[in-house]
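Just so it is clear, the values below take in all heavy atoms, side chains as well, and ignore hydrogens, waters and symmetry mates.
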Amino acid sequence: MQKIILTGPESSGKTTLTQQLAAHFQTEWLPEYAREYLQNLNRDYEEADLYKIARGQFLQEKKAIEKAELADENRIICDTSFLVLKIWSEVKYNRCHPFILKQLENQTDAFYILCGTEIEWEFDSLRENPEDRDKLYFLYKKELERLNAHFLEVKGSPEDRLKTCLKFLSEI
């Protein structure tokens, strides 16, 4: 099973690229569980919510993998990962729940696509860091390097990013 994970700072085009890849490969894509969780929270989130989000993401990924295997599909495309939760937690709370760290370390078979920040930031009530995207981008890149993860950096227009991704994915 090939797991393709889109990652990077908020408003960097992850969802758009995820949807483009899913359409190209004619497969479903796995949305960001945090968005669903936070939209239904009815209060400001707290540090403990990040663990709950991680558990929900874990279960959602598990179901998606099982569904893909039953359908004889060989890949899933994820609009987020435990890397996002780790960076979010460390930036916001200066620590990260062990469950998140363990799941991140276990994703050794994933192919990451790190989205650049040149796409204009768009307001969304769940977004918090319009001024820190470049700093966050380098935190993502540094962590992917630390993990010795297989990843591709994408920049430019949505069309350029898609072309770059398709070339990369055809070579792995």
Please report the C-alpha distance between Leu83 and Tyr140 in whole Å, then the side-chain angles of each, then the deciding distance to 0.1 Å, and finally whether the side-chain contact (heavy atoms from CB on, under 4.5 Å) criterion is met. CA-CA 8 Å; Leu83 176 57; Tyr140 282 97; 3.7 Å; yes
Looking at Phe151 versus Phe111, is the centre-to-centre ring distance below 6.0 Å? no
Would you call the rings of Tyr37 and Tyr33 parallel, tilted or perpendicular if under 30° counts as parallel and over 60° as perpendicular? tilted
Quick check against the 3.5 Å criterion: does Ser170 have a side-chain atom that pairs as donor or acceptor with the backbone of Lys167? yes
Member of Glu61, Lys14, Gln57 meeting the side chain to side chain contact (heavy atoms under 4.5 Å, CB included) criterion with Thr80: Gln57
If the plane angle is over 60° it's perpendicular, under 30° parallel, otherwise tilted; pick one for Phe82 and Phe58. tilted
Would you confirm whether Glu28, through its side chain, and Ala64, through its main-chain N or O, come within 3.5 Å as a donor-acceptor pair? no
Polar side-chain atom of Arg161 near backbone of Gly156 as donor-acceptor pair, under 3.5 Å: yes
So with a 6.0 Å cut-off around CG of Asn40, is the heavy-atom count from everything else above 12? yes
Crowded around Gln26 CD? As in, over 12 foreign heavy atoms under 6.0 Å? no
Are the charged groups of Arg95 and Glu90 less than 4.0 angstrom apart, N to O? no
So, Ser89 side chain and Lys86 main chain: donor-acceptor pair closer than 3.5 Å or not? no
For Gln60 and Glu32, run side chain to side chain donor-acceptor pair (under 3.5 Å): C-alpha distance rounded to whole Å, both residues' side-chain angles, the deciding distance at 0.1 Å, then the answer. CA-CA 9 Å; Gln60 185 172 280; Glu32 182 180 13; over 6 Å; no
Salt bridge or not for Glu105 and Lys102, using N-O below 4.0 Å? no
Strictly distance-based, threshold 3.5 Å: is any side-chain N or O of Arg75 a donor or acceptor partner for the main-chain N or O of Gln2? no
Looking at Thr164 and Val154, what are the two nearest heavy atoms and their distance? CG2-CG1, 4.0 Å
Quick check: does any side chain N or O of Lys3 sit under 3.5 Å from a backbone N or O of Cys78, one acting as donor and the other as acceptor? no
